[in-house]
Amino acid sequence: MRLELEKRPERSARMAIASPFLAVALTLVVGAMIFAAIGVNPARGLYVLFVEPLTQGWSLQELVVKATPLVLIACGLLVCYLANTWNIGAEGQFVMGGVVGSILPVLLPDFANPLTLPLMLVMGVLGGMAWAAIPAFLKVRFGTNEILTSLMLVYVAQLFLDWLVRGPWRDPAGYNFPESRVFSAAASMPVLGDGRMSIGAIIALLVVAALAVLLSRTLKGFEIKVLGQAPRAGAFAGFSQKKMVVFAFLLAGGLAGLAGIMEVSGSIGQLLPTISPGYGFAAIIVAFLGRLNPLGALVAGLVLALSYIGGESAQIALGVSEKITRVFQGMLLFFVLACDTLILYRFRLVRSAPATA
Amino acid sequence: MDFLEAFLITVVTASTPLLLAALGELIVERSGVLNLGVEGMMVMGAVCGFGAALLSGNPWLGVLAAILAGMALAALFGVLTMGFATNQVATGLALTLLGIGLSGLVGESFIGKPGRAMQALPIPLLSEIPLIGPVLFARDPLVYLSFGLLALVSWFLFRSKPGLILRAIGDNPESAHMLGYPVLRVRFLAILFGGGMAGLGGGYLSLAYTPLWAEGMTAGRGWIALALVVFATWLPSRLLAGAYLFGLMTILGFHAQAAGLGIPSQFLSSLPYLATIVVLVIISRRKALVAAHSPASIGRSFVPTH
Amino acid sequence: MDLEQGGSAAPLMAMRGIVKRFGALTANDHVNLAVPSGEIHALLGENGAGKSTLVKILYGAIQADAGDIFWKGQAVRIPRPAAARALGIGMVFQHFSLFEALTVAENIALGMQGGFDMAALSDRVTALSRDYGLPLDPRRIVADLSVGERQRIEIVRALLQNPSLLVMDEPTAVLTPQEADQLFVTLRRLASEGRSILYISHRLEEVRQLCSAATILRHGKVVATLDPGQETAGSLARAMVGSQIHELAAKSGRVLGPERLVLRGLSLPAEDNFAVALKAVDLAVHGGELVCIAGVAGNGQSEIFDAISGERASPRPDMVVLDGVASGRRGTTERRRAGAAFVPEERLGHGAVPGLPLSDNVLLTRHASDGDLTRGGFLRNFRLLDIVDRVTNVFDVRKGRRDAEARSLSGGNLQKFAIGREMDRQPGILVVNQPTWGVDAGAAAVIRQALIDLAAAGSAVLVISQDLDEIYEIADRIAVISRGQLSLAYPAAEIDREQIGLLMAGAHEAETDEHAA
């Protein structure tokens, strides 16, 4: 008796919707088992991790604050993945966006007027784009694998930031701490209401909406899908694979860079040696959990933001390392991928034939 | 003389984990599978190896634990990519994320604890040859193992029937299936081997290289190992050269830092990563070379029809 | 259906009541087949009749849902190919199970049981291949070999295991007429040695020449068992298809228009080691005529198609001229805007995106040429569905639902859709690569008639095909491609199969201008 995969004649629309939910449910089940294994009451553990953050006003706001960069980055990544270009370097593009966007407040701190923030955001976008342009160029010109090049640049970007805040960009009035000067009000993201949510959340929503329309209703969206699924058919349709690689990488880099500068000028307020708790990588999970769809990414971003916040409180409330978050996130991606199989395939029980007479 | 000897000794130490992990991934890719989870398997190998050695007092148990940890993670990857035909790139990434997160969790209690380095095992006579002796023949057993495995992998791939079958599966799984070869099973075994080797490479870091555990101590070596396989155009002999080239560069970077040349340490630390990019570009330009040796089916899921 | 011949000895191999289903499709419906020793037995049927499935069951590559297999009178089970080989069944597949990056000897070793003595094996390969008239050099890499040479590997691999029954699936599909003749010599020799051959084909002339018995399959069932030598090609065809063959409407007596598709000295370097370079290809197709390029696979057909469609740019713009405009450096979209249409050989993955619905696949080739399918970059889906409906009606495309995914259509229906999608535009120039490959006879007839009609309406139609029967049915003129060089285009009535065969093999043609291109 063997379990075998059999391809379905058409995609199962039901499974396409059910798959993310199934994946989340499985993650919760295994998560409960992990909690039990490390001596924590499973129900309490899951509650602290996933439910408690939803019960308090401040943490709901925090949810949005954390989800904003995740959703922004994931929107760019999902375009890349739909086009079958594997941008793994969003973390580096985020960092470089933060760096380039901070040029104004760090080097010209007296330039404080209504133009400051918009200019910073534009520069952040350009910074992310430029960083993403490198693997794109190498792929298009030399055929170099974009997975490894974009990833290597993450390490380079992080080291570059580290050098900047410890060296040339260190705050002269900062008692030698590795940090840049604090940004002025003109160089900070305006806040919504009285909490921590910035207008970044609005920007993210606009991006989601725009991308949703682009992908489902325009020729460009069609081009992305075709080149991703069948590059030869894309060439036959007159689309250029090379131009798409550049487009996808620049879009993703720009969005990641925007998220970067928004994070630096919003939540953090200055440059530090690390400005991301792994958003660029978590966004990969968001993109897949959201089934490579902008609206799905919106919901998935909130789910993953939940896991970040829950992880932080797990440290306090349960004495569990906040690294448990990463474990949950990794598991979630595994289950998403496994459940997605059921969209294109079904399982069949097959009787093995006995040996030759 | 002493400086050169010490220098070369550290080069071998720096290169060994890369060689081990890359050898494993080479077999995996030769079978047509791309496993991006090498970094995750390596770091799990490092933490489990360190932990087992610490708790038991026996570094060899640490080695065993490192191998098994890598294999366990690889098994997860195998079940998903072979059993569920999931996208290999995404699954490999998931494996890395999981591995890094899990290792952080597992290793929390090991931080700051001192480990015990593996004892060196000098080979009589050979280790007395000037220069080469201490560098190559007075090392810990894992170094010898790395050379032995290199020879074994070479022989396996090109002089044995199972190795021929593996290469055939990497070239054309559909044909191999039609001829009756168990494609998924062979690939799964290759994946397990790759996991064990990655775990071993990671274990080397925490058991011999710097006998301690620090979070993320692999620092991207798993990714570099992946690049090395491409650089070597999937040939074990070239892999040796590549691994040692990177080891050399890493050590040169350390010495440059120590020499106080005024170059920022971050720049020197970024050299291996920049070099990886350069190396990848060089190889991808030589299209004919790549085409001649790259396994044609790499990265594509295979679902047998019955 | 009598399983015994002459009353006494059981046949070498018999299959009884074989049933195999794939989802809703019954590929084999209680099939009986018997092959005695020393006989060359044909398994006839059009594409999709169930021949390949039956044979894969015999070879152990797939398992039947019901039925029995008998070998030398004993019931046997064949759970995997190794078991078939152990019995003495050898198979030469239609689609070779070869490994491009490995050598001939390594490929053969992989098809056999046991050890790994490459030196001894190489010697055996050299000796046996030469002995049977199919010489091979064991050290060569398969990727460097021609299609005919690759088939030799498959045959030698099977022969080295001393099979009692050799199964050959559409062996001459990839051979020139002369190579096919050589193959028949080899097969007759094998039969005289007491081996049996199960010869699967849909080529009736060959079967009549070669085989002494035939089993005919239609829609998964056995409809006849007979001696092909006693039949005519026509009666065999009727048995295969079950009805009168659709006679194609006459194609001659048309007025030729101006030159619409011109290739002038088209030369393209080979893209990689395994591709073919085009060398000074010259061809002119007039409005109102249908020109066919004949040739065995792998001689530059895809390269010519890509050069005309624009997927590969030509070194000079005047190498490809479409309706008077030098288009060699123009992209595919511009060429379509100029009124040209293309249908490639590979449907899924090239001509259509498998995972997308038919409406999206209409958009694939017509997003630019049709002015009204998009507006300001936005898609207008209802127009796409209109086109899908129209094509479905005109070409009788069978599918699961109105806007089905491309991959859910059968090969024949998808091809009808692909051709219909282009014809619906009334293109002035149409280029088709292998129009009816893998398509059932009914759909093939529809497609061929549509091509003829399009030419009659004044368009220039260029068809690249490996099927000489088809070519003779539809072509006004025929050119032959061999190793990247195109012969002159001769009127169909003035060139026979033997001459085509010689041109395919690269024989030089007379330099005189008797037959103007």
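Every chain is numbered from 1 and lettered A, B, ... according to where its sequence line falls, protein lines coming before strand lines. Keep in mind that what you see is a predicted model, and the values were worked out from it rather than measured.
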Residues from residues 86-96 of chain A approaching chain B under 4.5 Å (heavy atoms): Trp86(A), Ile88(A)
Closest heavy-atom pair and its distance - Leu333(A), Ala94(B): CD2-CB, 3.4 Å
Nearest atoms (heavy-atom pairs only) where Gly83(B) meets Leu5(A): O-CD1, 3.4 Å
[X] portion near chain A, given a 4.5 angstrom heavy-atom threshold:
X: Leu95(B); answer: both
X: Leu36(B); answer: side chain
X: Leu80(B); answer: side chain
X: Val303(B); answer: side chain

Donor-acceptor contact present, side-chain Thr144(A) to main-chain Ser284(B), <3.5 Å: no
Side chains of Phe160(A) and Gln266(B) in contact at under 4.5 Å (non-hydrogen atoms): no
Please look at [X] and chain B and tell me whether the side chain, the backbone, both or neither of the residue comes under 4.5 angstrom of a heavy atom of that chain.
X: Ile285(A); result: side chain
X: Phe347(A); result: side chain
X: Asp162(A); result: both

Non-neighbouring partners of Tyr155(A) that pass ring pair (Phe, Tyr, Trp, His ring centres under 6.0 Å), sequence neighbours left out: Tyr273(B)
Closest-packed option against chain B by number of heavy-atom pairs under 4.5 Å, given Val154(A), Val156(A), Thr341(A): Thr341(A)
Winner by heavy-atom pair count (cut-off under 4.5 Å) against chain B, out of Val336(A), Ile134(A), Thr149(A): Thr149(A)
